[in-house]
There are 2 protein chains.
Amino acid sequence: MKRPTIADIAREAGVSKGAVSYALNGRPGVSPATRERILEVAGRLNFHADSNARALAGAKARVVGLTLQRPPSTLGVEPFFMELISGLELELSRQSYALLLQMASGRDEELAFYRRWFAEGRVDGVLVCDVRTGDPRVAALEELGVPAIVIGPPDASGGLPCVWSDDAQSMVEAVEYLAALGHRRIARVGGIAEFAHTAIRTAAFTEVAARLGLTETTTIPADYSGESGARATRRLLSTPDRPTAIIYDNDIMAVAGLTVAHELGISVPGQLSIIAWDDSPVCRLLHPPLTALTRDIGAYGVRAAHLLLAAIAGEPVASTHGAPAHLSPRGSTARLQPTTA
Amino acid sequence: MKRPTIADIAREAGVSKGAVSYALNGRPGVSPATRERILEVAGRLNFHADSNARALAGAKARVVGLTLQRPPSTLGVEPFFMELISGLELELSRQSYALLLQMASGRDEELAFYRRWFAEGRVDGVLVCDVRTGDPRVAALEELGVPAIVIGPPDASGGLPCVWSDDAQSMVEAVEYLAALGHRRIARVGGIAEFAHTAIRTAAFTEVAARLGLTETTTIPADYSGESGARATRRLLSTPDRPTAIIYDNDIMAVAGLTVAHELGISVPGQLSIIAWDDSPVCRLLHPPLTALTRDIGAYGVRAAHLLLAAIAGEPVASTHGAPAHLSPRGSTARLQPTTA
DNA sequence: CTGAAAGCGCTTACAG
DNA sequence: CTGAAAGCGCTTACAG
């Protein structure tokens, strides 16, 4: 009842171990008849090649690694990572790859895991999330010369291929939409300022606002948590010339913002319009449902996995852009009421 | 610049490869002085033992596996799994174990992954979530005789050790609390009926209601999605003798329920009290904030990982109970107003 | 306490 | 097209 090995199959099929290996891996070197016999025996014995032996003998480990910052608060809330992982695995499974997932408490620890994984021969490649400009992980992975894909904007990806979409374009769409509804005082509650995509959104926000002649725009930095979103919203809504529209860099801060508005007796969307960046089921469940910037995060995952597997296979790999987040207008945004302006 | 091997260390330290292995693994067989010299060299060369070679030679792979149902909708929303994984890894990392995560589309596929992982020597043990009564995965893992821990109630764990808490006790606490507030018509929107813990909650709900003389209790089965929660809530609130309190089996359905109540002009908590089972940041952000049954999910993870590693080490392992979910009263529950009763 | 050797289960040149 | 053999980097009895 021990696990069958290629030696068992070779004996059973009356061939050498080498022939079994060639047959199982779809390589030339065995006649069609022999190959079929070998595959039949392997199937009958329910054979699965030992992954460790395979990797040790020079084949791939068939594992890729992903590290995430351990949730101070928001990781569990935002659907981003679960959707991303779901997409990643869709593609990885297709090629019999597995995903090693590791929570880390900081970038240094993430980097240490990456180094160790490669040193131990555990992974064939890795994915990098939440990149910052000048991210040390990018530089280190480039230097190691290992297969790695960045899930983030090209600006911070150095020489590594990346998968991302044009956040600037989505930001422009959101601001122009609000402006078309008559809003002139538009504020933004941003994500963690060090993340490269946050900087891109901030720049785009400032730029489009200037182009549209909106002078009273503010971005308040926050950290994706509900508390930070609530605090920023209170600050914004307590100013004399308070904004009539706020764009939030994630859904949880937008939910918090909606509640703060209720708390202050400011009606949404009557006196305040709200947009959440990254849609989630919760956005649709609230009253009013939140207008959101929606994107197919799972598709990023599929694409990132695809690129990584190509890189591991030694194929040339180029960064790709996914479809940008698009506006899903719902009840939380409306034409500015002249009386309250 | 190749990765250093124990042969390199042996040469550098002037000892045999065997001695290096013993020294690195903290085994007897080398003198303290030799051991120290070996460790010094290993550290200097930044040595990390090849994981595949180690596993192939009979040591542990130092990997455990976890499969989750691919998110039809709710996986990304509920913080449960991210918190669980976070807890798991806290303990796994302490012992230099890694986590293999795999999304599956059903129990059959989950089971196939488990089988393959063991056949390929990829994992030393696995964790099982979302168990049903008579779950085939439990029976299969028992038959395989591999280290496995169930994260779920003992009723469905068969001979496998499990980590869970007393859901019945928490249900009793919630219902008694509502009864103490004067509620007599209490309803419940349940989770997926096939899950073992759902059955336990349903039984406890029925039992405590009977004990308290509450005759008009209903449980409507749902699937954790916001849509199903909204639908169930509409049904409940459209009956002539509508409930004055509803307990939801997850937070997302509770959010949906709150919105439906608003939509129907039923005030919360004035005319309807709401309790969510499993707390989340969103619960605290709503208006009113949701009363919830709170538990330390990360602690489950730590405990489950601890048990699994013990089982892998060949130690005897017994199921353990974590602290039950406790009531966190917030704004969504209140004394029943006599006028609206 | 230490060294030399076998073996884990594969893959891959290398001869036939 | 096929077989016999070396080797991947460890661990672990087994002699000294």
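Side-chain atoms are counted along with the backbone in the values below, which use heavy atoms only and exclude waters and symmetry mates. Chain naming here is simple, since letters A, B, ... match the order of the sequence lines and numbering starts at 1 in each.
- Taking atom CD1 of Ile6(B) as the reference point, atom P of dT12(D) lies 11 Å away to the nearest angstrom.
- Here His197(A) and Trp164(A) bring their ring centres to under 6.0 angstrom of each other.
- One interatomic measurement links the two molecules: CZ of Arg122(A) to P of dC10(D), which rounds to 13 Å at whole-angstrom precision.
- Every residue two or more places apart in sequence or in another chain that forms a salt bridge (charged side-chain N to carboxylate O under 4.0 Å, His left out) with Asp50(A) is listed here: Arg3(A).
- Within 4.0 Å (heavy atoms only), Thr5(B) reaches sugar-phosphate atoms of the nucleic acid but no base atom.
- Stem regions annotated for DNA chain D: C:1-3 with D:14-16, C:5-12 with D:5-12, C:14-16 with D:1-3, counting only runs of 3 or more consecutive pairs of Watson-Crick or G-U type with both contacts under 3.5 Å.
- Using a 4.0 Å cut-off on heavy atoms, the residues of residues 36-64 of chain B that approach DNA chain C are Leu56(B), Ala57(B), listed by number.
- By the salt bridge (charged side-chain N to carboxylate O under 4.0 Å, His left out) test, Arg37(A) pairs with no residue at all, sequence neighbours left out.
- Applying the side chain to side chain donor-acceptor pair (under 3.5 Å) test to Thr320(A) and every residue at least two apart in sequence or in another chain returns nothing.
- Annotation: side chain to side chain donor-acceptor pair (under 3.5 Å) contacts of Glu40(B) (sequence neighbours excluded): Arg44(B).
- Under the 3.5 Å distance criterion, with hydrogens and angles disregarded, no donor-acceptor pair is assigned to the side chains of Glu120(B) and Ser51(A).
- For the salt bridge (Lys or Arg N to Asp or Glu O under 4.0 Å) condition, the pairs that include at least one residue of residues 92-107 of chain A, sequence neighbours left out, are Glu91(A)-Arg94(A).
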Result block: side-chain N/O donor-acceptor pairs under 3.5 angstrom for residues 17-29 of chain A, not counting sequence neighbours:
unit_1   : atom_1 : unit_2   : atom_2 : d
Ser21(A) : OG     : Asn25(A) : ND2    : 3.4
Asn25(A) : ND2    : Ser21(A) : O      : 2.9

For a quick test of your reading: what N or O donor-acceptor pairs under 3.5 Å do the side chains of residues 52-64 of chain A make, sequence neighbours left out?
unit_1   : atom_1 : unit_2   : atom_2 : d
Arg62(A) : NH1    : Gln95(A) : O      : 3.3

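- Atom CG in Leu24(B) sits roughly 12 Å away from atom C1' in dT11(D) (whole-Å rounding).
- Atoms CZ (Arg3(A)) and P (dG9(C)) sit 8 Å apart, rounded to a whole Å.
- As rounded to whole Å, 12 Å separates atom P of dG9(C) from atom CZ of Arg11(A).
- Asp135(A) meets the side chain to side chain donor-acceptor pair (under 3.5 Å) test with Arg137(A); sequence neighbours excluded.
- Put simply, NZ on Lys17(B) is 11 Å from C1' on dA6(C), counting in whole angstrom units.
- Scored by the ring pair (Phe, Tyr, Trp, His ring centres under 6.0 Å) test, His306(A) finds no partners at all (sequence neighbours excluded).
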Please enumerate all protein N or O atoms sitting under 3.5 Å from an N or O of nucleotides 1-3 of chain C, with distances to 0.1 Å.
unit_1 : atom_1 : unit_2   : atom_2 : d
dT2(C) : OP1    : Ser31(B) : OG     : 3.2
dT2(C) : OP1    : Thr34(B) : OG1    : 3.0
dT2(C) : OP2    : Ser31(B) : N      : 2.4
dT2(C) : OP2    : Ser31(B) : OG     : 3.3
dG3(C) : OP2    : Ser16(B) : N      : 3.3

